[in-house]
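What follows is a single structure, written as C-alpha cells, with notes after it.
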Amino acid sequence: MAAAQSDDGVVFPVRTNFHALARRPGGIPREQAIEAAEQHLHEMHPEFTAWLDQELAEILKIIPQSTDEVTSNDPWIEAANDHCRAVRDVAATMGFYLVTFAANNLCEAFDTIRSGVSYPLEAIERDFKALLLARQEADSSDRGRLHELIKRVDGSSAAPPPACSAPSKDR
Amino acid sequence: MSRENLNLHGINFLIADSNAYFCMICQSILRSFGATKIYEARNAMDVSRALVEQRIDFLLCDSMLPPGGGLELTRTIRWSVNSEYRTIPILILTSDTRLNTIATARDSGANMVVAKPVSVSGLYNRIAWVAFHPRSFVDSPTYFGPDRRFKIEGFPTGVGRRKGDKEFSIGEEDGPALAQDDIDSLLNLARKA
C-alpha cells in the first residue's frame, strides 16, 4: 500500500519489527498465556503483601500527627501520594480490589489537597485506616501487624475497630 | 474474528514506569505471555538510554513517567524526524482515565491506552490488537502517529470488553446476495412507490 496524500497530511502503512515478530507462527495460545500469568501472579502474593506492608509503613511515617488542617503547601503530600499511587496501581492486578479501592480514595484526597483545598488531617487518617482494613484481604493471617499499624494511626492504645479485632474464620 | 496466538519470543519490550514493583509485575505477566527480552526504565532519561543501547521493539510507558510524563515522551519520540523509533508501538499505561487525558494520549501518538491497574487479559488483548490490527501512520504538520480515525471491528482476539457483550461474528462472504436484476427490480419498485 502506497502513502496517500490528503489535506490531513500523508498517510502511510507501517509494519514494524514488532508486527513481523508477533505474527510469526507459534507462540502461546491466548487462554494458556493468560492462565499462566494469573498463576504466576498468585504465586507472588506473599511477596506482594510484604511489599504492601512496606508501602503502608512508609505512608504512615510520612503522614504528620501534629496538625489539624492539611494544605497543598505541605511537602509530605507528594511523597505520600507517590506511595499511595504505587499501591493503587498494583493491588487490583494482584487480585486485591479492595486495597486498590481504598488507596484510590486516599489518592483522591491527596489530589484534592494539591488542587488547593484545605483538608482535615482526621479525614486523611480515616482513609488511611480504611486502607489498612482493606489490607486484611491481602493476608488475613497477619492481623497482629495490622493491629499495630492501626494503633499507630490512632496515636493511642485505643482498641482497634471491631472489623480487625479478631481473625475471622470465614476467610 | 482473529484468534491468532501472539508470538512474543525474542521481541524487545521496554517497560517505563517509576514504580519498580509495577515493572516487576508487568515483566512477570509479559514473560508468561512468552516474552523473553524485557528491559525496564524508571524515567525518560533511562528510556532514551535504552533506546540507544538496545533494539527496542515495543514500549509500555506510564503516563506519569518522570520528569515530564509519558505523553511528553511519546510526543518527543514521534517528532524525532530521524529516529528509527519514530513508528515504534507505544502503549500508554495510565491511572487517570478522564476523557481529556485519553484524548491527549491519543493526540501524542500512542498506539493504545491501557488503564491502571492493568488486568492480565486486558494487557494481552491490547498487545494483540496492536500486533494484528496495525494502523497506518499520519504525518501532518500538527500530528505524527497512528491514524486516529479507525473503525471498531470487534474487540481484540474475539473477546468482548464486558461479560454482557455479545459475540462479534460475521458470516463468510459467499458471492453477491442478490443478482443485479433483482437489485434493479427492487430499486424500480422503490422508485415507483
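None of these values were measured; they are calculated from a predicted model. In what follows, chains are A, B, ... by sequence order, proteins preceding strands, each numbered from 1.
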Applying the 4.5 Å side-chain criterion to the ILVMFWY set and letting contacts propagate, would [X] and [Y] be lumped into a single cluster?
X: A:F48; Y: B:I15; result: yes
X: B:F144; Y: B:L59; result: no
X: A:W76; Y: A:V87; result: yes
X: A:L60; Y: A:I77; result: yes
X: B:I38; Y: B:L91; result: yes

Using non-hydrogen atoms and a 4.5 Å limit, figure out which bit of [X] sits close to chain A: side chain, backbone, both or neither.
X: B:F22; value: both
X: B:R31; value: neither
X: B:Y143; value: neither
X: B:D57; value: both

Report the option among B:L30, B:L93, B:I25 that has the most heavy-atom pairs separated by less than 4.5 Å from atoms of chain A. B:I25

Reported [atom1]-to-[atom2] distance for the pair [X] and [Y], which is rounded to 0.5 angstrom:
X: B:S95; Y: A:R85; atom1: OG; atom2: CZ; answer: 7.5 Å
X: A:E38; Y: B:S121; atom1: CD; atom2: OG; answer: 6.5 Å
X: A:L21; Y: B:L6; atom1: CG; atom2: CG; answer: 11.5 Å
X: B:Y21; Y: A:Q54; atom1: OH; atom2: CD; answer: 10.0 Å
X: B:S119; Y: A:I34; atom1: OG; atom2: CD1; answer: 8.0 Å

Side-chain contact, heavy-atom cut-off 4.5 Å: [X] with [Y]?
X: B:S28; Y: A:L41; result: yes
X: B:D139; Y: A:F12; result: yes
X: A:T93; Y: B:K116; result: no

For A:M94, is the CE atom crowded, meaning more than 12 foreign heavy atoms sit under 6.0 Å from it? yes

Could you check whether atom OH of B:Y85 has more than 12 heavy atoms from other residues, nucleotides or ligands sitting under 6.0 Å from it? yes

With a 4.5 Å cut-off on heavy-atom pairs, point out which of A:V90, A:T16, A:I28 contacts chain B the most.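 Most heavy-atom pairs under 4.5 Å with chain B: A:I28.
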
Please look at A:E35 and chain B and tell me whether the side chain, the backbone, both or neither of the residue comes under 4.5 angstrom of a heavy atom of that chain. neither

Could you walk me through whether B:I127 and A:F18 pass the side chain to side chain contact (heavy atoms under 4.5 Å, CB included) check? CA-CA 10 Å; B:I127 296 172; A:F18 169 75; 3.8 Å; yes

Between A:H40 and B:I29, is a side chain to side chain contact (heavy atoms under 4.5 Å, CB included) present by the stated rule, with each step listed? CA-CA 8 Å; A:H40 200 172; B:I29 294 172; over 6 Å; no

Mind running side chain to side chain contact (heavy atoms under 4.5 Å, CB included) on B:R135 and A:V14 for me, showing each step along the way? CA-CA 7 Å; B:R135 279 185 279 156; A:V14 166; over 6 Å; no

[X] to [Y] - nearest heavy-atom pair and separation:
X: A:G27; Y: B:N5; value: O-ND2, 4.1 Å
X: B:P117; Y: A:A92; value: CG-CB, 3.4 Å
X: A:H19; Y: B:A131; value: CD2-O, 3.6 Å
X: A:A22; Y: B:F132; value: O-CZ, 4.3 Å
X: B:S136; Y: A:V11; value: CB-CG1, 3.6 Å

Counting distance only, does the side-chain N/O of B:Y124 pair as donor-acceptor with the main-chain N or O of A:E31 below 3.5 Å? no

Starting from the C-alpha separation in whole Å, work towards a yes-or-no answer on side chain to side chain contact (heavy atoms under 4.5 Å, CB included) for A:R30 and B:N125. CA-CA 9 Å; A:R30 180 183 181 278; B:N125 290 344; 3.0 Å; yes

